[in-house]
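Inspection log for the structure reproduced underneath, given as structure tokens.
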2 protein chains.
Amino acid sequence: MRKATRRSRDTYHVGNLAPQLLTAARELLEDAGPTRLSLRAVSERVGVSATAAYHHFANRSELLGHLAAKGFRELAAALRQPHTEASPLQQLRSACLIYFGFARKSPALYQLMFGTELSHEDMLPELTQARAEAFGELRRIVAGMRGADRDSAETRRAALAGWSYIHGLASLVIHEVMEFPPGTSDERFIDSTLQGFALLFPPSEDS
Amino acid sequence: MRKATRRSRDTYHVGNLAPQLLTAARELLEDAGPTRLSLRAVSERVGVSATAAYHHFANRSELLGHLAAKGFRELAAALRQPHTEASPLQQLRSACLIYFGFARKSPALYQLMFGTELSHEDMLPELTQARAEAFGELRRIVAGMRGADRDSAETRRAALAGWSYIHGLASLVIHEVMEFPPGTSDERFIDSTLQGFALLFPPSEDS
DNA sequence: ACCTGAACACCGTTCAAGT
DNA sequence: ACCTGAACACCGTTCAAGT
């Protein structure tokens, strides 16, 4: 007989509850958004009591922090492409596309990574490091473009400028502040705004 | 005798509850952050019942929407400076400083304006318009810099690129993704990242 | 017209208790 | 060691009722 009830004992003391909670949270994240993602809903999805999570995470913030850290690691991995021997501008374009695509594919995760939900007080070391790793990839790309040292102050500045630009653009689009032009590809959109920059910083044509 | 109790009847039927709620919300916003700002706390601060707000706003989202709209109007006003007859780059620098200063002075308001808390479904027309107004100021500034038409496609692209950059930079700083270098002025910081851009887009020095 | 109080369905989090 | 259930202090929101 033994009906498989909802509160199945299959998930009692399984031993790997933490990763299960994380993947459940990740699944719910894109539907609920980072603000409305609730610990209770995550627990219920796994089939576990509402308080079980507290034996694996200090609180909701910490679970979210692990989720964000995973996001930064994925972003870093996506950016860790082979050195294509293309022109500097092509490399910049390519990195922008990867970054922009990541944000567009997982907007809620991206919002979590860069948003208000992360309690900045007790930051997970894991998260701080994953974030630094992602920024490191940006520096590596920029250094390659310029044929310069990855850790020089100039490269850092250039990478921060690039990061600001692409993060701002992705942010404006996924928060629907700017409408993403319907019927346009990511490629065309990135190219268009990259052109916009050239207009903003005229390559010393007159004067 | 007539003690002035907390639930004072002074605030019963005053007639201007809506603006009072708005200013109370604005006051609480920077302490609580956009995510944790609660309608109940706002009502309590005004000295009114928890449900009174529903006679003036459809729900929490709408109140937040009005707050954000006010923020965009303030930002637009700050940007609406007289045309200083300076070099294009000086004008860009000046606009960036104003924008960056706004975000740094009211980080929670800025996060609300560009964040997840705004239910994008039923957007207030007021908010959409105030936002467009702010972007209009950016376009005006960029058009002035380039000596071009404010509504041309090129100016729009350049303005969007500029907006992406400064929004990204402000966003990274106020969300504490990038540490704002301690002991540095906004001026120095903006100049430094603006230089970073020059490095990213080399002014055609070598072929 | 404008506001209140009780009520409902949610939250995060704690704590004693169970296995 | 790992999980549960009851409980607490919060939420947003509704609705009938008061002025």
Side-chain angles (χ1 to χ4, degrees), chain A residues 5-22 24-25 28-29 31-68 108 112 115-122 124, chain B residues 5-22 24-25 28-29 31-68 112 116-122 124:
Chain A
T5 56
R6 197 70 351 268
R7 51 206 303 285
S8 55
R9 275 334 187 219
D10 310 350
T11 57
Y12 186 104
H13 203 167
V14 274
N16 61 336
L17 185 53
Q20 280 191 64
L21 288 167
L22 249 15
L28 289 177
L29 182 59
D31 281 333
T35 301
R36 275 191 302 255
L37 179 65
S38 88
L39 222 46
R40 288 178 111 115
V42 171
S43 304
E44 196 193 3
R45 171 171 258 256
V46 173
V48 105
S49 92
T51 61
Y54 287 89
H55 295 270
H56 301 271
F57 302 99
N59 47 36
R60 191 186 102 111
S61 271
E62 195 182 292
L63 196 161
L64 258 37
H66 281 281
L67 222 51
L112 173 65
T116 317
E117 213 63 34
L118 253 34
S119 80
H120 146 70
E121 289 84 70
D122 22 42
L124 287 180
Chain B
T5 56
R6 196 76 345 272
R7 50 206 304 284
S8 56
R9 271 345 186 210
D10 310 351
T11 57
Y12 187 104
H13 203 167
V14 274
N16 61 337
L17 185 52
Q20 280 192 64
L21 289 167
L22 248 17
L28 289 176
L29 181 60
D31 281 334
T35 301
R36 276 191 300 256
L37 178 65
S38 88
L39 221 47
R40 288 177 111 116
V42 171
S43 304
E44 195 192 6
R45 171 172 258 256
V46 173
V48 104
S49 92
T51 61
Y54 287 89
H55 294 272
H56 301 270
F57 302 100
N59 47 37
R60 191 185 102 111
S61 272
E62 194 182 294
L63 196 162
L64 258 37
H66 280 281
L67 222 52
L112 173 65
T116 318
E117 213 63 33
L118 254 34
S119 80
H120 145 70
E121 289 84 70
D122 24 40
L124 287 180

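To find a chain, count down the sequence lines: A is the first, B the second, and so on, and within it residues start at 1.
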Query - Heavy-atom check, side chain of B/T116 versus side chain of A/T116, under 4.5 Å - result: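 In short, these two side chains do not touch, never coming nearer than 4.5 Å.
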
Report task. Identify the two heavy atoms, one from A/S43 and one from A/L21, that lie closest to each other, and give their separation to 0.1 Å. Result -> CA-CD2, 4.2 Å

Query raised in the report: Do you know which two heavy atoms are closest between B/A52 and B/V48, and how far apart they sit?
Result: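 The pair with the smallest heavy-atom distance is CB-CG1, 3.5 Å.
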
Just the atom pairs and distances: protein N or O near nucleotides 7-10 of chain D's N or O, under 3.5 Å.
none

Report task. Measure from CZ on A/R36 to P on D/dC11 and round the result to the nearest Å. Result -> 18 Å

Query raised in the report: To the nearest Å, how far apart are B/E44 CD and C/dG5 C1'?
Result: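 To the nearest whole Å, that distance equals 15 Å.
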
Query raised in the report: Has A/H56 got a side-chain N or O lying under 4.0 Å from the OP1 or OP2 atom of D/dC3?
Result: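 True: A/H56 side-chain N/O within range (under 4.0 Å) of D/dC3 OP1/OP2.
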
Requested in this report: Could you tell me whether the side chain of A/R60 and the main chain of A/L37 form a donor-acceptor pair under 3.5 Å?
Outcome: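 Indeed, once roles are kept as given, a pair shorter than 3.5 Å links the two residues.
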
Requested in this report: Any chance you could encode DNA chain C as dot-bracket? Rule is Watson-Crick or G-U wobble with both distances under 3.5 Å; [ ] for pairs crossing earlier ones, | for another strand.
Outcome: ||.|||||...|||||.||

Closest listed nucleotide, where the reference is the side chain of [X] and the choices are [options]:
X     : options               : answer
B/H55 : D/dT14, C/dT13, C/dC2 : C/dC2
B/R60 : C/dT13, C/dT4, D/dG12 : D/dG12
B/A52 : D/dT13, C/dC3, D/dC3  : C/dC3

